[in-house]
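The structure appears right after this line, and notes come after that.
Within every chain, numbering begins at 1; the chains are lettered A, B, ... in the order of the sequence lines, protein sequences first and strands thereafter.
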Protein chains: 2
Amino acid sequence: MSSAYVTLEQVAQHAGVSLATASRVINGSTRQVSQRLSDKVKASAQELGYLANASAQTLARNSSSLVGLLVHDIADPYFSSIARGITRHTEEQGLVTVLGTTYRSAQKESTILAALRAHRAKAIVLVGSRSTDEDSNTTLVREIEAFQQQGGRVACVSQPGLPADTVSPDNHAGATELARHLIAQGHRRFAILAGPTNLSTARERLDGFHSALSAAGLELQHHNIVHGDFTRDGGYESTQRLLRLGSDATCLFAVNDVMATGAMAALREAGIRVPEELSVAGFDDIPTLRDLTPSLTTVRLPLEQMGEHAAQMALDHEHEGEFRTVHVQGEILIRESTRPPAL
Amino acid sequence: MSSAYVTLEQVAQHAGVSLATASRVINGSTRQVSQRLSDKVKASAQELGYLANASAQTLARNSSSLVGLLVHDIADPYFSSIARGITRHTEEQGLVTVLGTTYRSAQKESTILAALRAHRAKAIVLVGSRSTDEDSNTTLVREIEAFQQQGGRVACVSQPGLPADTVSPDNHAGATELARHLIAQGHRRFAILAGPTNLSTARERLDGFHSALSAAGLELQHHNIVHGDFTRDGGYESTQRLLRLGSDATCLFAVNDVMATGAMAALREAGIRVPEELSVAGFDDIPTLRDLTPSLTTVRLPLEQMGEHAAQMALDHEHEGEFRTVHVQGEILIRESTRPPAL
DNA sequence: CTAACCTGGGAAAGAGTTTTCCAAGACAGA
DNA sequence: TCTGTCTTGGAAAACTCTTTCCCAGGTTAG
């Protein structure tokens, strides 16, 4: 056989029309084609099982149906929830989602961005707060702009400050509200399980918490701050460190639920009861972690919708050329893990 | 400008060689090119920032660097763990992963498979037990074979019986071992939170449990079996149903951890203490669910490695033409949620 | 010394689509 | 009847890369 594939030319021949006519029918060009021929072409395509060669289309159109999705770790429920929202939208649009995982490596990120550029992806959604490291950030901006110059759209989730559409949770407000709740419950000595200092999400949540304390005339003591890496095990280890330092806090704010989970495990092992002896709060309201005992006081973010919204922005054609920023407010959820401190 | 992109021809011109020579240098053809020219071409490419047009390559080679990954739901930690293993391997190989989510819809699955075929994907990894529905299964087999005939490789995870490489957990053995453990603890009346009857994974786990009971001369009473849909909420609701039916069981086996989580929530709400009043066991050992209280007795599956292994099989070139099946044994983990029944 | 053989490099033929440009035919208005 | 306007269909260029075929020049063997 000459080719294992059915080509548009074969469809055209089978329908007795020219290649161009067949193409016009298949992808509904502006030019009119008579009903009779149009039907004939469609029937032909159906009959022969025609499936357009995507690479040929991409080559001719200089744009593919691929949408890139960059996350740090797809097994982290924070990212997989957002990813779900993104894929929901892209698949609805008949597009194909490319999943790239970076593990917070600027180099892996570059590799994937280059691949998406090479494939003439239609859009890219970047998820997850980014290192504020100067160099890698300017590199990222250059790559984003290169992609945009070849006609691609970019949207970011939780990654402010880039030349792209952005969906960001109001981390500051969420953490502030959470702090106010703890203060209202009577807590005066706080410990915080902060995130990597160079990630905006981590910084904003820390700042928000801080500013509520300051506003209430309270202080966060230096030895009551530890930094984790946003993972469960990081939270576990950092909490152990905190305990070794002999914290006198009555409550612990972990800047994300995943670390809070590790914190609770460490506390349980250390024989410290939550919330009787220590209140714990998290951030995100990760769906998979809603069944912890005690249930976690946290700030709910609509992760899935955030992803969906970002994908929408990256793919709608209304607002070419402008960058929109959407702020999402979290909703504070008071659950079992926080209560007024024992006297 | 004529084109916003650097083409190989431009690289060749800039290096003072022919297009063919440049191509031979770039993708290391069998034909030798002198060191001098080779270096010149590489320097040229570097200098001009050459990035090969992936669609042109795909068109010419009739094979792309895309690897498809089909899961039911990327937000389900079972799938996201496996997905992590798969992407680890594909990204190591410099390939691009396409994520397709099917939500157990045969139609969505077909759509994605067609897209992957259109893109001349190099391989596809299908994850998740599949409906045994006759029709959709033959359709799937046809689609798989069509893809293989165009030169693509297919691997499956937890989806036996397809014409492809397969990595499958030994669900039967795992459930049997779990049942033996419960029997050894003294349990005699069992309840089971089974999965969708048409999914092989669910059936095998149910069968394995059953056969251990039979071997011990025990019976599983009809009213002690309920079916869930493998989701947390499904487990929750099915457990409520079980309670309404007035189960007399001393232990409950949920055929996956996610449903076990819902079960524990329903039990807690109903005021039934685990494990004091009722033992609970799950299956999978989902990483995110390891911090439940009480910790869940379960069968650990190396989800990430399973994904990685499947990707390897789909991408190695050693074993073209043959279909290999790898069975993975689970490891039983006795934790807090099971204990001998009260007298 | 000549025939056979290598080696490196260039020209050109695809790969399958989209899209522009042009021709031919139909038809209405003058 | 002629001109101008539509409508429809076809030919061909363009997109960028891979790969085959062939040639020129040099090397080796007989």
Side-chain angles (χ1 to χ4, degrees), chain A residues 1-41 44-45 48-66 115 117-120 122 150-151, chain B residues 1-41 44-45 48-65 114-115 117-120 122 150-151:
Chain A
M1 66 200 126
S2 62
S3 162
Y5 303 93
V6 178
T7 70
L8 191 53
E9 186 168 19
Q10 289 169 21
V11 172
Q13 273 175 10
H14 188 261
V17 302
S18 81
L19 174 59
T21 304
S23 171
R24 285 200 276 258
V25 171
I26 296 298
N27 49 43
S29 138
T30 45
R31 284 278 292 275
Q32 284 288 4
V33 175
S34 72
Q35 193 61 44
R36 194 178 54 88
L37 288 196
S38 173
D39 289 350
K40 225 158 143 189
V41 170
S44 249
L48 300 182
Y50 173 68
L51 179 64
N53 182 324
S55 45
Q57 289 183 316
T58 301
L59 186 58
R61 294 195 183 129
N62 198 32
S63 174
S64 72
S65 59
L66 264 42
R117 212 136 51 82
H119 279 280
R120 303 291 185 266
K122 179 173 261 101
Q150 41 169 80
Chain B
M1 67 200 118
S2 62
S3 163
Y5 304 94
V6 178
T7 70
L8 191 53
E9 186 169 18
Q10 290 170 20
V11 172
Q13 274 176 10
H14 188 261
V17 302
S18 81
L19 174 59
T21 303
S23 171
R24 286 201 274 257
V25 171
I26 296 297
N27 49 42
S29 141
T30 45
R31 285 280 291 273
Q32 284 290 3
V33 175
S34 72
Q35 193 61 46
R36 194 181 53 90
L37 287 197
S38 174
D39 288 350
K40 224 159 145 188
V41 171
S44 243
L48 300 182
Y50 174 67
L51 180 65
N53 181 323
S55 46
Q57 288 183 317
T58 301
L59 185 58
R61 294 199 181 123
N62 198 33
S63 174
S64 73
S65 59
R117 212 135 52 80
H119 280 279
R120 302 294 185 263
K122 179 172 260 102
Q150 39 169 82

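- Using a 4.5 Å cut-off on side-chain heavy atoms (C-beta onward), A:Arg117 and B:Leu51 make contact.
- The distance between atom CZ of B:Arg120 and atom P of D:dT16, rounded to the nearest whole Å, is 20 Å.
- When the side chain to side chain donor-acceptor pair (under 3.5 Å) test is applied to A:Ser44, the partners found at least two apart in sequence or on another chain are A:His14.
- Distance CG (B:Asn53) to P (C:dT17): 16 Å, rounded to an integer number of Å.
- Taking atom CD of A:Gln10 as the reference point, atom C1' of C:dG16 lies 11 Å away to the nearest angstrom.
- Between the side chain of A:Arg24 and the base of D:dG10, a donor-acceptor pair under 3.5 Å is found.
- The phosphate of D:dG9 (OP1 or OP2) has no side-chain N or O of A:Ser18 nearer than 4.0 angstrom.
- Along DNA chain C, the nucleotide closest to A:Leu59 and the one closest to B:Val17 are compared, and the more 5′ of them pairs with B:Val17.
- Each of A:Leu37 and A:Leu19 was matched to the nucleotide of DNA chain D holding its nearest heavy atom; the match closer to the 5' end belongs to A:Leu37.
- At least one side-chain nitrogen or oxygen of B:Tyr50 sits closer than 4.0 Å to the OP1 or OP2 atom of D:dC17.
- Within the nucleic acid shown, B:Leu8 comes within 4.0 Å of sugar-phosphate atoms alone, with no base atom in reach, counting heavy atoms only.
- Distance, A:Gln13 CD to D:dG10 P: 12 Å, rounded to whole Å.
- Of the listed nucleotides (D:dC17, D:dG10, C:dG16), C:dG16 has the atom at the smallest distance from the side chain of A:Thr7.
- Residue A:Asn62 is classed as having no contact, given no heavy-atom separation below 4.0 Å to the nucleic acid.
- Put simply, the side chain of B:Ser65 does not reach to within 4.5 Å of the side chain of B:Gln57, judged on heavy atoms.
- Put simply, A:Tyr5 has no side-chain N or O that comes within less than 4.0 Å of OP1 or OP2 on C:dT17.
- Between B:Thr21 and the phosphate of C:dG9, there is no side-chain N or O to OP1/OP2 separation shorter than 4.0 Å.
- The side-chain contact (heavy atoms from CB on, under 4.5 Å) check on B:Gln13 picks up B:Glu9, with sequence neighbours excluded.
- Distances shorter than 4.0 Å separate some side-chain N or O of B:Gln57 from OP1 or OP2 on D:dT18.
- Rounded to an integer number of Å, the gap from A:Ile26 CD1 to C:dT17 P is 9 Å.
- In this structure, B:Ser55 does not reach the D:dC15 phosphate: none of its side-chain N or O atoms is under 4.0 Å from OP1 or OP2.
- Residues passing the side chain to side chain donor-acceptor pair (under 3.5 Å) test with A:Ser64, sequence neighbours excluded: none.
- Residues satisfying the side chain to side chain donor-acceptor pair (under 3.5 Å) criterion with B:Asp39, sequence neighbours excluded, are B:Gln35.
- Going from atom CZ of A:Arg36 over to atom C1' of D:dG9 covers 12 Å, rounded to whole Å.
- Taking atom NZ of residue B:Lys40 and atom P of nucleotide C:dG8, one finds them 16 Å apart after rounding to whole Å.
- Between A:Asn27 and the phosphate of C:dT18, there is a side-chain N or O to OP1/OP2 separation shorter than 4.0 Å.
- Within the helix from C:dC1-D:dG30 to C:dA30-D:dT1, the inter-axis angle between the opening and closing five-pair segments is 50°, rounded to 10°.
- If A:Arg61 and B:Ala60 are placed on DNA chain C by their nearest nucleotide, the residue sitting closer to the 5' end is B:Ala60.
- The A:Ala56 side chain lies nearest to C:dG16 when the options are D:dG10, C:dG16, D:dT18.
- A search for side chain to side chain donor-acceptor pair (under 3.5 Å) contacts involving B:Ser63 returns nothing, not counting sequence neighbours.
- Using a 4.5 Å heavy-atom cutoff, the side chains of A:Leu37 and A:Val25 are not in contact.
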